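By convention in this document, chain letters (A, B, ...) are assigned in the order of the sequence lines, proteins followed by strands, and residues within each chain are numbered from 1. Nothing here was measured: the structure is a model prediction, and the numbers come from that model.
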There are 2 protein chains.
Amino acid sequence: MAYLQPLSFTEENYLKAIYSLSERAESFDTSTNEIALKTNTKPPTVSDMLRKLADKKLVTYEKYKRVQLTKSGRQVAIQVIRKHRLWEVFLHDKLEFTWDKVHEVAEQLEHIRSEELISRLEKFLGYPTNDPHGDPIPSANGELTQAKRIILSDVGEGKVCYVVGVKDSTSPFLQYLQQLNIGIGTKIKLIERIAYDGSLTISMRKGQQISVSKKFADNVLVTV
Amino acid sequence: MAYLQPLSFTEENYLKAIYSLSERAESFDTSTNEIALKTNTKPPTVSDMLRKLADKKLVTYEKYKRVQLTKSGRQVAIQVIRKHRLWEVFLHDKLEFTWDKVHEVAEQLEHIRSEELISRLEKFLGYPTNDPHGDPIPSANGELTQAKRIILSDVGEGKVCYVVGVKDSTSPFLQYLQQLNIGIGTKIKLIERIAYDGSLTISMRKGQQISVSKKFADNVLVTV
DNA sequence: AACAAAAGTTAGATTAACCTAACATTTATT
DNA sequence: AATAAATGTTAGGTTAATCTAACTTTTGTT
């Protein structure tokens, strides 16, 4: 559970990668090649690292088999994600970075080592529950409460929902969102669904109605 | 002037160490052993690093001779110091870290690479000119303007001054300051100097008068 | 079931940052 | 000026993280 030696940035990054690859629908493990892809390294490098992480009891791993995080490995990964997301909130809310630029800087900040820093930062930010992309922020003890999120396309006609995130986080999409003045927390009412092409008529704020494509609505995450 | 490859954390730390060792009264250079001392390494490690930094034109260095920063080496060092001090202000002013704990965390934060981050942070903090220890914050273009600072002991009777920093930054001293409720910006009026032992009677805020020793007053930096 | 393709590992090198032990140079002192 | 002390460098080794090339195991397909 506790790990004596602090982990290197590199080790933290591998654990984070393994976490995100493992926590997908219906898979609790991942593979050497997938990790290599995600971390921009080559498979042999990953093999070495997996042996090392297994020695430290952070992953369960046997040659030629798929990898899984142990309980402590998962805790480390979640703490890194917690730090990443809190820094993203800071960059977005306080420093006014745009959505599409917070990630890169947070990638660096997430490795700063100081419990006190993170708890003070969290307090300073007002104990946020979601990052600027709508992803939930794990609590200090590693709990991750995920509100039920659906895509905007699946909201019923006449229903009201709140934007909590996006599925696509590429720049063009994020920029379009900004143009439409849609962000985290935006309240949206679904006026009408056009059967022909799945496009939606929605209204926001002062009743201004706009039309958005199905492709767009598939990439906006909301809670009802 | 421009350096193509970004420098490693380690290289930045050596440059910072060389800078602080070089910028002391009457010396514009430093030595292998001093650097080893400052960076907690051994002299051979420093020798290697100096050769490397010399190749990158960040220091002027010849075997067995003393080292000096080049113009671009100095610029790099100053930018690191700028980042360090801005982060210290953030930690102290926004996250309410105590004086004595900001340094350690800032040592890590100072290496985060992002021009935009630093300029936004600076703006967010209100373009501070000094860090929580009173040291001046270099401007984005590397200028360091040092307001005239004198020790509290040298303030004339009846004169008013403002605390801008400390000479001693060990914990016991900083804690004593906190106890007296003296910090950066505190307005102090010097009431009386006792000739016998050099101790001072000062008043702050609502006229509460206290007495402090010469030793104490020698370590408080102020501007009049 | 055979075998090719895909996935994964081992072997052997490389680079950065460090070390100790041994050697070289500079400096300070008699 | 000779020599001891201090300072600095070289040589050779270590560890972490990476790579390519060659090999092995697993998987998927005819």
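- Atom CZ in A:R51 sits about 15 Å away from atom P in C:dG8, given to the nearest Å.
- A close approach under 4.0 Å does occur between a side-chain nitrogen or oxygen of B:K63 and OP1 or OP2 of D:dT10.
- In this structure, A:T45 does not reach the D:dT18 phosphate: none of its side-chain N or O atoms is under 4.0 Å from OP1 or OP2.
- To the nearest angstrom, P of D:dT18 lies 13 Å from CZ of A:F9.
- Whole-Å rounding puts the B:L53 CG to C:dA16 C1' distance at 13 Å.
- For B:M49 and C:dA16, the CE to C1' distance is 8 Å, given to the nearest whole Å.
- Taking only side-chain nitrogens and oxygens, A:T10 never comes nearer than 4.0 Å to OP1 or OP2 of D:dA16.
- Straight-line distance from the OH atom of B:Y64 to the P atom of D:dT9: 7 Å, rounded to whole Å.
- Annotation: side chain to side chain donor-acceptor pair (under 3.5 Å) contacts involving residues 170-180 of chain B, sequence neighbours excluded, comprise B:D168-B:T170.
- Looking at residues two or more places apart in sequence or on another chain, you find no ring-ring contact (aromatic ring centres under 6.0 Å, His included) involving B:Y162.
- Between A:S8 and B:N33, the one whose closest nucleotide on DNA chain D sits nearer the 5' end is B:N33.
- Following rounding to the nearest Å, B:R66 (CZ) and D:dA6 (P) show an atom-to-atom distance of 17 Å.
- For the residue pair B:N13 and B:H111, a side-chain donor N or O sits within less than 3.5 Å of a side-chain acceptor on the partner.
- Distance, B:D48 CG to D:dG13 C1': 13 Å, rounded to whole Å.
- In this structure, B:D29 places its CG atom 11 Å from P of D:dG8, rounding to the nearest Å.
- OP1 or OP2 of D:dT18 lies within a sub-4.0 Å distance of a side-chain N or O belonging to A:Y14.
- No side-chain heavy atom of A:V166 sits less than 4.5 Å from a side-chain heavy atom of A:N219.
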